[in-house]
Novice: 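So that we are looking at the same thing, I have put the structure below in structure tokens.
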Amino acid sequence: MIDIKFLRENPDVVRASQKGRGEDVSIVDKVIAIDEVRRAALEKFETLRAEQNLLSKSVGAAKGDEKAALLENAKELATKVKEADSKRAEVEEESKQLIMQLSNILDPAAPIGGEADFVVIEHVGTPRTFDFEPKDHVELGKLLGAIDTERGAKVAGSRSYYLTGVGAMLEFALVNYAISSALKAGFTPVIPPVLVNPAAMEGTGFLGQAAENVYHLEKDDVYLVGTSEVPLAAMHMDEVLPADKLPMRYAGYSSCFRREAGTYGKDTRGIIRVHQFDKVEMFSFCHPDQAQEEHKRLLQWEKDFLNAMEIPYRVIDVASGDLGSSANRKFDIEAWIPTQEAYREVTSTSNCTEFQARRLNIRFKDADGTKAVATLNGTLVAIPRMIVAILENHQNADGSVNVPAALQPFLGTERFELV
RNA sequence: GGAGGAUUCGCAUAGCGGCCGAGUGCGCACGCUUGGAAAGCGUGUAUAGGGCAACCUAUCGAGGGUUCAAAUCCCUCAUCCUCCGCCA
């Protein structure tokens, strides 16, 4: 949610931001208009209420005929107050609905444009040249007894899979490596709930445009999270965090559930795009002035992970039209996938500034008062895509796969052999 | 799933339909006292919104209702605790 005071004072900035995202600019003026109506309605109600409070007191003090007369007036006033109050509530709700439609204000540094208009910040590592025909992860997964998509489909439908044998072991190794490096970096490890209530989902902004990708359990009115960003962000909902504890960093490990509606025909092969996967997510609550630096740090931790996996990748600055509504800037890391001869997204980090915290009512207190914190998130490792990258990049001609040195202590082997 | 109890200002508690935005204790901050500290004494100590100054308004788990007036009465819901049942 945008700060209404900021919008009042800088409508042009908000207009430009909406335009840059390719979103509705006219909302800005609608918000300004309704905000005036809102304040007028509020003032009217408050004046009447003040009058009523006074009158009520004199009723209490009065006696006999005098009291009867006052009561007469008070009754009349009470209906007026009720009317003014419901008008106020109505306008406030309307105003809130409109404000909620506005996305976060873009970082001026974010590239403007659509999905294809990202800016490549850097390339790290060089895609390997194979002296044999590289196999894709589905084939390798079969040869190693690591991934079983056929049985996944049989049991759970399309975009489902089993990780078996070294596949399962690889997940444990990745998670262990991720959590132990997060610990070293000062994160608090967290295993969050993956079943959350509407307030948590709503507050983190996943019931907007992203709603169709969220699983909802109607009978109990709870949602399956698509990322542990949701329970991690909502963890401190309605709290005032101690300023001297910021930044507060959490590394959440959880399953993630995504309906993947509207992706028919996209990445149908293998485990690049699936309905359920596990992920270690970094989440940071920090001082708004620190948000940009924190964002760089999250990106660095993501790079460290890719480096440790010895996988070539590039970092992109995601364009305005492709940002989530909460993010003011987003960096994606894309790993080189040999059989696709392309870089594919494996991690992503967003700076949500105070946008998300304002919705969730997460604040901190310092000398100037109580203000919204900034929230940032970043993927440390999303298991299936990392498995794809590791298998494909480190394969040998016979289908065996070399284990990156960083993972060897967790796996007790240097190489995955065919089964 | 059933039966009871609870939910008040950081914590613990008091609270009669109007004198309650709310008392007390602890904690915290500042001051006095002291060589210094403790104790003691004094003062202060929620959040949000509107004017942005005085001030006003809202908030006693949430949402409704009764009333001129609700922390206080009624209804619905949520959470926690105890007991019973069921499942592990």
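Just so we're on the same page: letters track the sequence lines, and every chain starts at 1. Because only heavy atoms are used, hydrogens play no part in the values below, and waters and symmetry mates are left out as well, while side chains stay in. Since the model is a prediction, treat every value here as computed from it, not as a measurement.
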Novice: Examine the side chains of A:Q356 and A:T375 and answer whether a donor and an acceptor come within less than 3.5 Å of each other.
Specialist: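 Distance-only check passes for A:Q356 and A:T375.
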Novice: Students often get this wrong, so: under 4.0 angstrom with heavy atoms, is A:N53 touching a base, only sugar-phosphate, or nothing?
Specialist: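 Since only primed, P, OP1 and OP2 atoms lie under 4.0 Å of A:N53, the category is sugar-phosphate.
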Novice: Strictly by Watson-Crick or wobble contacts shorter than 3.5 Å, is anything paired with B:G17, and which nucleotide is it?
Specialist: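 Pair assignment: B:G17 / none.
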Novice: For B:U45, what is the paired nucleotide under Watson-Crick or G-U wobble rules, both distances under 3.5 Å?
Specialist: B:G27
Novice: NA contact type, A:K82, heavy-atom cut-off 4.0 Å: base, sugar-phosphate, or nothing?
Specialist: sugar-phosphate
Novice: Any base atoms under 4.0 Å from A:R363, or only sugar-phosphate, or nothing? Heavy atoms, all strands.
Specialist: sugar-phosphate
Novice: So, does A:R8 get its side chain near the phosphate of B:C52, meaning an N or O under 4.0 Å from OP1 or OP2?
Specialist: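 A:R8 to B:C52 OP1/OP2: no side-chain N or O under 4.0 Å.
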Novice: Tell me the partner of B:A78, counting only Watson-Crick (N1-N3 plus N6-O4 or O6-N4) or G-U wobble (N1-O2 and O6-N3) with both under 3.5 Å; none if nothing fits.
Specialist: B:U7
Novice: Counting the atoms with a prime plus P, OP1 and OP2 as sugar-phosphate, which does A:E76 contact under 4.0 Å by heavy atoms, base, sugar-phosphate, or nothing?
Specialist: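 No contact at all - A:E76 keeps every heavy atom at 4.0 Å or more from the nucleic acid.
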Novice: Just by distance, no angles: are the side chains of A:R363 and A:T370 close enough, under 3.5 Å, to form a donor-acceptor pair?
Specialist: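 A:T370 and A:R363 do not have a side-chain donor-acceptor pair below 3.5 Å.
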Novice: Go through the N and O atoms of the side chain of A:E46 and the base of B:G49, and report whether any donor-acceptor pair is under 3.5 Å.
Specialist: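 Per atom types, the contact qualifies.
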Novice: On RNA chain B, does the nearest nucleotide to A:A78 precede the nearest nucleotide to A:R39 from the 5' side, or the other way round? Give the residue.
Specialist: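 It is A:R39, whose closest nucleotide lies nearer the 5' terminus.
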Novice: Please classify the nucleic acid contact of A:L55 as base, sugar-phosphate, or nothing, using heavy-atom distances under 4.0 Å.
Specialist: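 The residue A:L55 makes no contact with any strand.
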